Amino acid sequence: MELNAPISSIKGVGEKTEQLLQKMGVYTVGDILLHFPRDYVQYPYAKSIFELQPETTSAVLLTISRQPVVRRTRAMTITVLNESMQGVSLEVIWFRLPYIASSLKKGKTVVLYGKITLKNNVYHMEQPAVFSAEEYQSIEGSLQPVYALTRGISNRLMCKSVKAALKSVDSYGDYMPDTIRKRYELAEYNFAYEQIHFPESMDTLTWARKRLVFDEFFLFIMTMQLQKRGEEKQLNPYHFCSEAVIDDYCSKLPYSLTGAQRRTLNEILCDMQGEVLMHRLVQGDVGSGKTIVAFLAMLFASDSGFQSAIMAPTEVLAKQHAQSFEELCDLFGIHKRIVLLTGSMTAKQKREAQKVIAECENALIVGTHALIQEAVSYQKLALVITDEQHRFGVKQRETFADKGQTPHVLVMSATPIPRTLAIILYGDMDISVMNELPASRQPIKNCVVGENYRTKANAFLEKEVHAGHQAYIICPLVEASDNYDANNVIDYTQQLKSALPDDIRIEYLHGKMKAAEKNEIMEAFKNGDIDILVSTTVIEVGVNVPNATVMMIENADRFGLAQLHQLRGRVGRGADQSYCIMMNASDSDRARERLDILNHSNDGFWIASEDLKLRGPGDFFGIRQSGDMNFRLADIYTDARVMQDAASEVKRILETDPHLLAPEHEILCKKMRLIFDTQNISLTL
């Protein structure tokens with residue numbers, strides 16, 4: 001079977017399952033093989049009820065002695081199973097799963113897998129996975145994959161579909177030359193795919209992952225280098241006014257720019273007046289003041305008679321940029337046409353915005369991806385500013401070129417990447433680093449605590465809210481998972497509402513919500529209509545809410561340090577003292593050591609370099625870092641050594657065989673042509 005065959009070609013995938021898989025971005029057989037597990041579970045030896053220990057994740061073997069009871073409340077159905085043997089009692093509860101009662105017949109022997117707690121001398125399990133004794137025996141002691149899912153697709157169904165896909169594809173076509181595989185001891189392609197999904201051991205899993213991570217970096221860097229080679233430096237067609245106008249604006253600010261802000265701004269202005277078009281990355285730690293630098297560069301373009309545009313990752317952030325730009329213009333005593341264009345605007349609003357963009361030659365344009373839609377026509381667009389999530393590639397530059405525009409390009413990144421790695425990842429760009437915080441920023445107070453701090457943490461949240469402040473709480477999961485023991489947004493929100501007073505307004509936010517609903521929640525939080533926002537990491541690129549003073553991160557041990565630092569940067573944006581509480585659910589010394597780095601520093605670049613020192617080649621469980629350039633498996637921190645090796649190989653190949661004509665590069669050449677065809681970009685070899 002071909003990798004591009006529709007997912008319905010796999011045995012057992014019917015029309016309904018196909019539609020659900022498509023919601024997850026799985027359309028073909030190849031797509032499901034690239035839907036890698038997000039974690040693995042090593043199922044323990046199944047215990048009897050007498051061997052249970054509280055606060056452990058266990059498998060319990062029991063024969064059902066009484067039928068479960070289904071209770072219905074206004075909010076949900078609750079299924080309860082009670083078992084007792086010689087004075088030892090176990091209560092098992094499932095929420096919103098009424099059908100599970102019919103599969104738990106009296107006399108049936110099952111294995112329940114989940115977390116054990118002890119309350120009033122009774123053992124409890126909530127929402128455990130249920131296996132037949134034979135089923136569990138087949139996976140006992142083995143590493144089993146845990147996939148990211150959507151409602152209606154179970155982990156078991158996913159496993160079954162992936163196994164069918166692996167069997168249906170004869171070969172995935174290994175493009176990697178044998179010399180490279182031997183040099184870095186990389187697994188064969190087919191073996192790597194089988195072991196990443198269903199590993200025989202931790203050793204084979206680590207080996208498989210190394211091969212696939214190498215591939216991601218290798219193909220990314222090779223693609224970038226070939227694109228760069230195909231692009232000639234374009235001459236700068238724009239003539240700008242004197243930089244003295246920027247000095248005048250800076251003198252009117254109620255604060256002084258930091259040395260890093262001033263240096264970065266000078267580098268940008270110098271590029272904009274240089275012989276060739278700018279293509280620059282600004283790496284600024286969270287809170288380093290990148291937005292004012294971007295705005296001053298846009299004003300420089302406007303005062304010179306040119307348009308500029310800034311593309312934000314979310315509509316809420318785009319609106320916030322537009323509002324802050326208006327306020328800054330008032331502060332400077334100038335009138336500028338600031339245009340907002342987003343996807344959720346009405347057709348009439350879009351037409352009006354597009355009309356201004358088409359006619360006003362020096363407008364400051366703010367928007368989302370709507371800025372590169374076909375209907376938008378620019379007048380003298382000289383500068384485009386985007387963020388790392390919308391990394392401006394060849395295709396986007398071609399989009400503007402097709403409209404008769406060849407703008408300067410500035411990419412803003414809040415991900416603290418050590419310079420050696422940034423040069424590899426952004427090898428086609430000049431790099432500026434902003435590593436100073438404005439003097440007005442108060443350092444965030446950090447603490448790493450365990451579950452025993454829960455009551456105090458809730459009391460602290462209540463105190464901050466009643467003092468007029470707001471708080472974020474971050475959970476790793478959207479909803480409860482049979483195979484993943486971590487806090488989830490939906491259940492956590494309900495628990496928090498029960499624990500805190502009724503006058504505290506609590507809502508949740510996650511990436512599976514519709515865009516309009518997410519925007520509505522973020523707007524309400526920004527406007528102070530929500531006191532505590534329980535969210536997944538979707539808020540990482542959220543808006544500026546100066547009134548938010550508390551960031552509490554559940555299961556902090558499951559996040560990469562760079563991502564924790566990004567999340568922490570959501571608070572500390574106002575005049576009041578801010579706090580970051582990291583709840584560590586792990587007993588591991590390693591987890592404590594890593595979180596301690598964050599506990600004692602607010603310097604993102606130092607944190608990133610220390611994280612690199614601590615992380616090992618097998619340290620890849622949990623939630624991936626941010627700033628991952630949309631890699632499926634690879635992590636620029638964990639896998640820094642592999643990335644450097646991949647970059648060295650790309651350099652060696654292109655130096656010795658720039659057109660990929662050597663026999664050993666024949667399959668690689670075909671692979672690169674396919675990648676460029678898929679992206680609809682011309683490839684010159």
Side-chain angles (χ1 to χ4, degrees), residues 236-258 260-273 278 280 282 284 288-312 316-342 345 349 352-368 371 376-387 405 407-410 412 432 434 438-440 543-544 546 573:
N236 182 3
Y238 308 105
H239 298 284
F240 293 90
C241 62
S242 167
E243 291 182 28
V245 66
I246 298 300
D247 293 330
D248 183 50
Y249 291 140
C250 290
S251 69
K252 294 177 181 177
L253 288 170
Y255 52 83
S256 297
L257 295 182
T258 65
Q261 284 175 312
R262 188 76 240 191
R263 183 182 64 249
T264 299
L265 181 58
N266 288 340
E267 288 169 346
I268 293 167
L269 300 183
C270 185
D271 280 357
M272 291 172 70
Q273 297 170 93
M278 173 176 67
R280 179 170 289 275
V282 173
S288 60
K290 295 183 295 296
T291 304
I292 186 63
V293 171
F295 177 66
L296 289 169
M298 293 175 76
L299 277 185
F300 186 57
S302 181
D303 282 348
S304 303
F306 302 115
Q307 287 183 338
S308 57
I310 184 166
M311 189 188 298
V316 177
L317 190 56
K319 289 177 184 176
Q320 185 166 284
H321 281 332
Q323 183 181 341
S324 64
F325 290 179
E326 294 275 10
E327 291 168 358
L328 283 164
C329 285
D330 289 342
L331 176 68
F332 294 156
I334 57 176
H335 175 73
K336 294 290 181 182
R337 198 67 189 266
I338 295 167
V339 190
L340 177 67
L341 181 61
T342 67
M345 292 167 66
Q349 289 171 327
E352 290 172 353
Q354 289 161 5
K355 186 174 187 292
V356 176
I357 293 170
E359 295 175 356
C360 186
E361 293 184 347
N362 69 338
L364 283 76
I365 303 158
V366 184
T368 55
L371 294 180
V376 186
S377 177
Y378 294 88
Q379 275 290 332
K380 297 171 68 176
L381 179 67
L383 172 65
V384 170
I385 303 173
T386 182
D387 69 85
Q405 314 289 332
H408 293 284
V409 174
L410 188 64
M412 312 288 268
S432 296
M434 289 170 55
S440 59
V543 294
N544 186 22
R573 292 168 174 260

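Keep in mind it's a predicted model, so treat the numbers as computed, not measured.
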task: Keeping to residues at least two apart or across chains, list the salt bridge (charged side-chain N to carboxylate O under 4.0 Å, His left out) pairs with something in residues 245-254.
output: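 Every salt bridge (charged side-chain N to carboxylate O under 4.0 Å, His left out) pair that includes a residue of residues 245-254, provided the two are not neighbours, is D247-R262, D248-K252.
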task: Write out all pairs satisfying salt bridge (charged side-chain N to carboxylate O under 4.0 Å, His left out) with one or both partners inside residues 319-330, taking only residues at least two apart or from two chains.
output: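 Matches after skipping sequence neighbours: K319-E523.
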Report the distance from atom [atom1] of [X] to atom [atom2] of [Y], rounding to the nearest 0.5 Å.
X    : Y    : atom1 : atom2 : value
Q354 : Y378 : CD    : OH    : 9.0 Å
L328 : L299 : CG    : CG    : 8.0 Å
L371 : L340 : CG    : CG    : 9.0 Å
L410 : T264 : CG    : OG1   : 9.5 Å
L296 : L253 : CG    : CG    : 6.5 Å

Answer yes or no: is there a side-chain heavy-atom contact under 4.5 Å between [X] and [Y]?
X    : Y    : answer
L383 : I268 : no
S288 : T258 : no
I292 : Y255 : yes
P254 : L331 : yes

Could you pull out the closest heavy-atom pair between [X] and [Y], with the gap in Å?
X    : Y    : value
S377 : I357 : O-CG2, 3.4 Å
M278 : H408 : N-ND1, 2.8 Å
L265 : L257 : CD2-CD1, 4.3 Å
A294 : I385 : O-CD1, 3.6 Å
A301 : S308 : CB-CB, 4.2 Å
T368 : T342 : OG1-CA, 3.7 Å

task: Answer yes or no: is there a donor N or O on one side and an acceptor on the other, between the side chain of Q261 and the main chain of M434, under 3.5 Å?
output: no
Report the residues that fulfil side-chain contact (heavy atoms from CB on, under 4.5 Å) with [X], sequence neighbours left out, ordered by chain and then residue number.
X    : value
T291 : H321, F325
E361 : Q379, K380
A353 : V339, L341, M345
S302 : K336, N362, L364

query: Around atom CZ of R337, are there more than 12 heavy atoms of other residues, nucleotides or ligands at under 6.0 Å?
result: no
message: Just to verify, what does F300 make a ring pair (Phe, Tyr, Trp, His ring centres under 6.0 Å) with, not counting sequence neighbours?
response: F240
field: With F332 via ring pair (Phe, Tyr, Trp, His ring centres under 6.0 Å) - residues at least two apart
entry: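 Expected list: Y249.
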Please identify each residue that fulfils side chain to side chain donor-acceptor pair (under 3.5 Å) with [X], with sequence neighbours left out.
X    : result
E352 : none
Q273 : E243
E267 : S432

message: Working note: V376 + I365, criterion side chain to side chain contact (heavy atoms under 4.5 Å, CB included); need CA distance, chi angles, decisive distance, verdict.
response: CA-CA 11 Å; V376 186; I365 303 158; over 6 Å; no
